[in-house]
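Just so we're on the same page: letters track the sequence lines, and every chain starts at 1.
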Protein chains: 2
Amino acid sequence: MSKPTLVDVGREAGVSAITVSRALRSPEKVSDSLRAKVDNAVRKLGYVPNQSASTLAASKTNSIVVMIPSTSNNVFSDVLRGIDEALKGSRFTLQIGNTGYDPLEEERLLRSFLNPAPAGVILAGIEQTDATKQMLQAVGGPVVQIMDVCSNPIDWIIGFSHEQAARTATEHLITAGYQNIGFIGAQMDPRSQQRLTGFKSALQAKDMLHQDAVAVTNRPSDVGLGSAMFSRLVGNFPDCDAVFCNNDDLALGVLFECQRRGLSVPDQIGICGFNDLGITSQSVPTVTSVTTPLKEIGRLAGEILTKDRPVSYQPVVDLGSILAIRDSTRRYQFDNQDINRRLSKLRAN
Amino acid sequence: MSKPTLVDVGREAGVSAITVSRALRSPEKVSDSLRAKVDNAVRKLGYVPNQSASTLAASKTNSIVVMIPSTSNNVFSDVLRGIDEALKGSRFTLQIGNTGYDPLEEERLLRSFLNPAPAGVILAGIEQTDATKQMLQAVGGPVVQIMDVCSNPIDWIIGFSHEQAARTATEHLITAGYQNIGFIGAQMDPRSQQRLTGFKSALQAKDMLHQDAVAVTNRPSDVGLGSAMFSRLVGNFPDCDAVFCNNDDLALGVLFECQRRGLSVPDQIGICGFNDLGITSQSVPTVTSVTTPLKEIGRLAGEILTKDRPVSYQPVVDLGSILAIRDSTRRYQFDNQDINRRLSKLRAN
DNA sequence: TTGAAAGCGCTAACAC
DNA sequence: GTGTTAGCGCTTTCAA
């Protein structure tokens with residue numbers, strides 16, 4: 001025999017289908033005895049709602065669409081975990097789209113996810129195509145952009161300033177006494193470009209930006225690539241004594257390459273990573289990295305979309321980032337006072 | 001104005017809705033001129049199919065349900081990538097469920113995903129609850145179990161023998177000259193238990209299993225935990241001179257802890273990881289690990305479910321695993337001949 | 001090769 | 001607080 005429907009449950013409970021529907025969707029609007037009867041019937045028959053029928057009738061889904069650039073990048077699995085937590089126990093389900101860092105693929109995928117309208121949409125970054133923005137406009141559902149901040153979000157944006165984070169990290173390297181600071185970047189998406197901008201501006205402010213200081217590639221990042229990029233960097237920039245890396249994978253690769261070359265970290269080479277995904281705090285030496293609020297971004301995005309009245313949230317939320325200073329950049333054993341003194345002196349210039 | 005439907009497209013193309021439906025779903029069963037007309041109308045109106053309506057009418061979905069134990073475990077993101085590749089360009093979409101290693105949560109989630117019936121189901125492991133198995137039976141859709149092998153899969157199972165993989169790795173440690181070999185395990189799911197079994201059986205066969213050789217925890221694995229577990233292990237088992245780790249995170253943690261303690265790897269301590277997720281081949285020293293066919297498992301599972309006639313596939317596919325021997329276990333600089341000679345000698349006992 | 005009719009299981013809108 | 005009616009947009013079945 002086939003799956004029980006609302007009608008079956010209604011028959012079992014001695015009420016009509018629509019009453020069962022109501023009892024299930026808004027238990028508080030229904031009498032206690034009815035609720036009990038319905039619950040029993042549901043259990044007895046093993047009733048499971050048919051999502052498609054519900055979606056078709058209501059012409060809106062219970063799914064939250066999330067478009068992420070890469071499923072293999074740990075950055076996004078952290079974000080997803082946050083979203084997942086926010087959705088846990090709610091009636092919403094996640095629909096994940098993998099754009100491969102391609103706005104056109106994002107557009108194509110999103111189009112197929114947008115009919116019927118999802119309960120909400122989460123997008124990484126602010127580089128949607130015009131067509132994508134139009135589609136989202138037409139759908140009208142709430143949209144949360146994540147990972148970045150900007151002044152004119154579609155509805156909400158939750159993230160932090162990558163430029164600011166990179167500037168802070170680079171300033172730390174300067175303060176720590178490094179003179180010839182390089183940049184290594186892979187998977188140069190727009191946010192990585194912003195980090196590069198922050199890096200450059202911090203160095204330019206001190207007139208310390210070397211012409212061969214930047215080594216970037218669009219290949220996906222991994223540890224081995226970090227080693228290779230470091231080799232490339234020091235090939236062009238032999239005096240290089242510190243490296244700001246686009247992410248932690250690259251930073252670890254640099255650390256390993258230094259070990260292979262017998263370069264001491266932090267004395268001969270300083271290393272700073274980005275995202276602080278876990279290993280950097282455990283390695284030998286531990287590696288300085290920018291701690292970014294990935295899970296919090298996901299959780300807040302999920303929270304906004306699952307609220308009935310999300311309008312109470314600010315449209316732009318800058319969650320900030322924190323530089324976790326570790327052994328890989330402790331060139332001299334400053335105490336905080338020292339650092340602060342040097343910082344004020346530098347700022348006075 | 002609202003979204004165009006099949007009827008709108010039909011009107012535009014001068015045919016009926018059902019004809020448009022056919023032209024879209026089976027272009028080969030329709031005349032060329034009709035196909036062209038329909039394609040034009042679709043483009044002109046910006047028609048996007050309504051999945052819910054289609055699903056409701058056909059009472060089966062285009063989604064492939066994947067239940068994975070953990071979204072944050074890189075093992076599963078590799079598997080997901082394989083599935084994603086297999087599904088790319090097909091009409092199927094992925095529906096991912098996160099079970100948190102809990103068979104009951106798997107059952108609960110799956111129940112909600114099973115109405116209407118998905119096009120296919122992918123499950124990790126073989127430890128489904130009876131209720132889960134019954135549900136799957138009732139749905140009748142194709143089911144692929146992954147990550148493991150067994151003799152009686154629901155429909156198909158694709159994976160490798162964890163016991164065999166661990167036995168091979170442990171035998172390698174013995175052959176490499178280690179005398180007091182320990183096991184470190186976190187997140188002790190059934191497959192990890194099988195690895196432990198393989199580890200024990202390899203040592204017992206040589207009468208080398210020390211009573212304090214095993215340190216395990218159910219906490220999720222990470223690098224820091226690897227360091228902590230190693231400390232615990234050598235606390236109970238001070239003579240320990242090699243460690244087989246449940247996964248690469250732990251192995252890296254052990255490596256870092258050895259560096260902190262000034263223990264040389266591989267001379268004083270040998271280290272072997274599991275899954276070979278990338279860093280192990282890049283670290284200093286490189287770390288021996290068991291290379292497992294994660295992406296291939298995902299791809300094959302996806303491939304089976306997207307075929308019209310999947311019956312041509314073997315029900316049990318053992319993709320095997322390969323031990324990648326690296327510097328962390330090269331205690332003496334054997335060449336392969338040496339290893340083989342020692343191996344035959346050991347086997348002769 | 002194409003079309004007409006019926007219905008998938010649910011919910012919105014309105015009645016009682 | 002509960003029921004009736006009328007679809008949501010598509011596919012199935014059968015007919016032409």
Side-chain angles (χ1 to χ4, degrees), chain A residues 1-39 41-42 45-63 91 112-119 139, chain B residues 1-38 41-42 45-63 91 93 112-119 139:
Chain A
M1 55 169 236
S2 71
K3 290 217 174 70
T5 70
L6 273 189
V7 175
D8 299 321
V9 178
R11 191 181 310 121
E12 182 72 25
V15 294
S16 72
I18 182 65
T19 305
V20 177
S21 170
R22 272 194 286 252
L24 259 26
R25 285 185 303 152
S26 2
E28 72 285 0
K29 293 186 176 175
V30 117
S31 71
D32 283 3
S33 66
L34 172 64
R35 191 163 52 238
K37 271 192 299 188
V38 168
D39 284 354
V42 164
L45 299 178
Y47 169 77
V48 180
N50 182 319
Q51 262 302 131
S52 305
S54 159
T55 298
L56 179 60
S59 55
K60 67 165 195 277
T61 73
N62 280 329
S63 66
R91 67 200 163 85
S112 72
F113 290 161
L114 248 40
N115 192 10
V139 169
Chain B
M1 53 165 238
S2 70
K3 290 218 173 71
T5 70
L6 273 188
V7 175
D8 300 321
V9 178
R11 191 182 311 118
E12 181 72 28
V15 294
S16 71
I18 178 61
T19 305
V20 177
S21 170
R22 269 194 289 252
L24 259 27
R25 285 184 305 151
S26 354
E28 72 286 359
K29 292 186 175 175
V30 119
S31 69
D32 282 2
S33 66
L34 172 65
R35 192 164 49 237
K37 271 191 298 186
V38 168
V42 163
L45 299 179
Y47 170 76
V48 179
N50 182 320
Q51 263 302 131
S52 305
S54 157
T55 298
L56 179 59
S59 54
K60 66 166 196 275
T61 73
N62 281 330
S63 66
R91 69 201 162 86
T93 63
S112 73
F113 290 162
L114 249 39
N115 192 12
V139 170

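- Atom CG of B:N62 is separated from atom P of D:dC10 by 13 Å (rounded to the nearest Å).
- Among the protein residues, B:V30 comes within range of the sugar-phosphate backbone only, with heavy atoms under 4.0 Å from sugar or phosphate atoms but none that close to a base.
- In this structure, B:P118 and B:T61 approach most closely via the heavy-atom pair CA-OG1, 3.1 Å.
- When every heavy atom of B:A53 is checked against every heavy atom of A:L56, the shortest pair comes out as CB-CD1, 3.7 Å.
- Note on A:S59: nothing from the nucleic acid sits closer than 4.0 angstrom, heavy atoms only.
- Within the nucleic acid shown, A:T5 comes within 4.0 Å of sugar-phosphate atoms alone, with no base atom in reach, counting heavy atoms only.
- Taking atom CG of B:N50 as the reference point, atom P of D:dG9 lies 7 Å away to the nearest angstrom.
- Under the salt bridge (Lys or Arg N to Asp or Glu O under 4.0 Å) criterion, B:R11 pairs with B:D8, not counting sequence neighbours.
- At whole-Å resolution of the value, CG in B:L6 and P in C:dA4 are 15 Å apart.
- Distance CD (B:Q51) to P (D:dC8): 19 Å, rounded to an integer number of Å.
- A straight line from NZ of A:K37 to P of D:dG1 spans 14 Å, rounded to a whole angstrom.
- A side-chain donor-acceptor contact under 3.5 Å links B:T19 and B:S16.
- In this structure, B:A57 and B:K29 both approach DNA chain C, and ranking their closest nucleotides by distance from the 5' end singles out B:K29.
- Protein atom CG of A:D32 is 11 Å distant from nucleotide atom P of D:dG1, rounded to whole Å.
- Within residues 14-28 of chain B, the residues approaching DNA chain D are B:I18, B:S21, B:R25, by heavy-atom distance under 4.0 Å.
- For A:R11 and C:dC10, the CZ to P distance is 13 Å, given to the nearest whole Å.
- Rounded to an integer number of Å, the gap from A:L45 CG to C:dG9 P is 14 Å.
- Looking only at atom types and distance, the side chain of A:R25 has a donor-acceptor partner in the side chain of A:S21 under 3.5 Å away.
- A:A41 and A:E12 get closest at one heavy-atom pair: CB-CG, 3.6 Å.
- The two residues A:Q51 and A:N62 come nearest to each other via the heavy atoms OE1-ND2, 3.5 Å.
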